[in-house]
There are 2 protein chains.
Amino acid sequence: MRCNVDIVNIAPGDGRYDAAVSSYHHGNLREALVQAAVVLGREKGPDGIVLREVARRAGVSHNAAYRHFADRDELVREVARVGLDELSAAMQARVKRVRVTDPVARARRRLRETGKAYVDYAIAEPGLFATAFSVVALGELDGPYEHLSAALDECLAVGFLPPEKRDGAELSCWAGVHGFSMLYGTGPLSEAPKKERDADLDRLLDRIDDSLRG
Amino acid sequence: MRCNVDIVNIAPGDGRYDAAVSSYHHGNLREALVQAAVVLGREKGPDGIVLREVARRAGVSHNAAYRHFADRDELVREVARVGLDELSAAMQARVKRVRVTDPVARARRRLRETGKAYVDYAIAEPGLFATAFSVVALGELDGPYEHLSAALDECLAVGFLPPEKRDGAELSCWAGVHGFSMLYGTGPLSEAPKKERDADLDRLLDRIDDSLRG
DNA sequence: GACTGGATGTGGACAGTGACAACATAACGA
DNA sequence: TCGTTATGTTGTCACTGTCCACATCCAGTC
């Protein structure tokens with residue numbers, strides 16, 4: 001008879017595993033493992049997601065995870081998905097908060113906020129951001145990518161972005177904010193003071209704005 | 001009496017260790033270790049630089065490296081330096097090859113080649129590029145950064161880049177090419193066809209050019 | 001020319017890791 | 001009720017980075 005810790009013993013929306021008592025079977029181990037892995041990924045990045053430590057934190061033996069994930073990589077991918085979801089949500093929330101009426105100014109502002117949200121998330125959550133991009137394939141990026149596409153479509157619709165520049169615009173914008181995120185997040189500029197970083201980000205977003213202007 | 005393999009037993013420019021015969025003492029182990037580590041880093045990235053494998057390839061026991069490097073990290077940093085040197089050299093070589101006489105066209109072209117060289121190196125050598133940026137501090141980036149600065153100075157001098165845009169121009173350019181390199185090098189776009197990648201790179205460099213124009 | 005001290009390389013150990021196999025227990029369905 | 005299956009555990013393996021004690025060799029001194 002073993003005593004497991006009783007974190008996340010309730011499967012949300014799934015009545016089968018509602019026993020919150022300690023027992024041989026955890027009840028909702030998969031979720032508990034993912035949550036523990038997310039904590040580690042958030043704190044230490046992809047390499048910090050150590051299977052045995054995750055199991056320890058879920059109060060379970062070192063091999064239990066193999067009943068729910070084929071290998072470590074599959075667990076890391078789950079964490080990456082969480083990071084991408086958070087990133088996507090952060091972008092959407094930021095864009096929704098824009099209160100500008102002039103159509104052109106509004107479109108430009110939404111694109112800028114999209115980029116700002118991307119970078120802000122990367123810097124606020126370097127571990128999860130790195131985990132996300134250590135693993136992700138293009139198909140899983142739908143959320144963030146769609147937000148960027150929508151912002152660019154709006155810039156096109158209001159006449160700010162000329163049609164001949166629409167092709168590949170996602171990529172040039174994405175590259176800019178992604179590079180900034182890497183350089184300042186976990187890269188060579190990660191020790192730079194916040195003040196300087198903010199100024200650099202503003203200028204970067206200004207240049208992106210310039211680059212799209214007709 | 002042990003038989004070490006006889007790779008890099010000649011210390012370049014150092015006559016003291018010119019015995020190329022096998023012996024207990026390697027002769028130029030530090031260099032041999034760095035070279036083996038560079039090979040691993042080139043093939044598999046920073047995580048592929050495994051101390052014991054490096055030692056194996058240098059024909060030496062698993063602990064020998066500790067006479068030359070404090071720990072694994074110090075060896076990885078050496079590999080990073082090699083990567084940065086190669087990157088810097090690639091940028092310089094590319095810029096030197098520009099044959100354009102018109103001053104403005106020449107300045108723009110040199111900036112473009114600077115960026116192209118950066119991305120090309122990142123994609124040709126994803127392992128070393130990732131190793132370099134897994135470790136590097138700002139101070140060690142002098143080479144590549146100076147080349148970019150010089151190209152931007154030239155754009156300013158010939159009147160293409162307006163003075164009010166000069167501040168922070170390094171960063172917006174760097175972010176763009178760095179982000180592109182990450183996305184296409186080891187990131188979510190690494191599986192994309194070369195044709196598409198080339199088109200995207202051209203458009204990115206076009207947009208950077210646009211963004212600096214007065 | 002022998003001796004010795006410091007530099008360099010070796011062998012053995014340890015804790016930590018991802019993974020596999022065999023076993024234990026609980027839940028579920030006939 | 002009983003076996004089948006899902007889930008968790010223990011034990012083990014190969015591999016890693018790092019530390020320790022020891023071996024070997026080179027260089028400079030008597």
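Not measured: the values here are computed from a predicted model. In what follows, chains are A, B, ... by sequence order, proteins preceding strands, each numbered from 1.
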Find the distance [X]:[atom1] to [N]:[atom2] and express it as a whole number of Å.
| X | N | atom1 | atom2 | value |
| --- | --- | --- | --- | --- |
| Leu33(A) | dT7(D) | CG | C1' | 12 Å |
| Phe69(B) | dG17(D) | CZ | P | 14 Å |
| Asp71(A) | dT17(C) | CG | C1' | 14 Å |
| Asp73(A) | dT17(C) | CG | P | 18 Å |
| Glu31(B) | dT8(C) | CD | C1' | 16 Å |
| Arg56(A) | dT10(D) | CZ | P | 14 Å |

What about [X], does its side chain sit under 3.5 Å from the base of [N] through a donor-acceptor pair?
| X | N | result |
| --- | --- | --- |
| Arg52(A) | dG16(C) | no |
| Asn63(B) | dG12(C) | yes |
| His62(A) | dG11(D) | yes |

(request) Verify the contact: side-chain N or O of Tyr66(A) to OP1 or OP2 of dA19(C), cut-off strictly under 4.0 Å; return yes or no. (result)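 For Tyr66(A), the contact criterion (side-chain N or O under 4.0 Å from OP1 or OP2 of dA19(C)) is met.
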
(request) Would you please confirm or rule out a distance under 4.0 Å between OP1 or OP2 of dA6(D) and any side-chain N or O of His68(A)? (result) no

(request) Identify, between Glu53(A) and Ala70(A), the residue whose nearest nucleotide on DNA chain C lies closer to the 5' end. (result) Glu53(A)

(request) Tell me, please, which residues at least two apart from Tyr184(A) pass ring-ring contact (aromatic ring centres under 6.0 Å, His included). (result)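 ring-ring contact (aromatic ring centres under 6.0 Å, His included) list for Tyr184(A), sorted by chain: Phe180(A).
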
(request) Would you name the heavy atoms of Ala80(B) and Ala132(B) that are closest together and state the gap between them? (result)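 Looking at all heavy atoms of both residues, the closest pair is CB-CA, 3.7 Å.
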
(message) Looking only at the aromatic ring of each residue, does the gap between the centers of Phe133(A) and His178(A) stay below 6.0 angstrom?
(response) yes

(message) Applying a 4.0 Å non-hydrogen cut-off, can you work out what Arg67(A) is touching in the nucleic acid: base, sugar-phosphate, or nothing?
(response) base

(message) Counting only side-chain heavy atoms from C-beta out, which of dT9(D), dA19(C), dT18(D) sits nearest to Arg72(B)?
(response)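 From the listed options, dT18(D) comes nearest.
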
(message) If you define the side chain from C-beta out and look only at heavy atoms, does anything of Glu196(A) sit under 4.5 Å from Pro193(A)?
(response)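 A side-chain contact under 4.5 Å exists here.
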
(message) For the CZ atom on Arg109(A), are there more than 12 heavy atoms of other groups (residues, nucleotides or ligands in this structure) within a distance under 6.0 Å?
(response) no

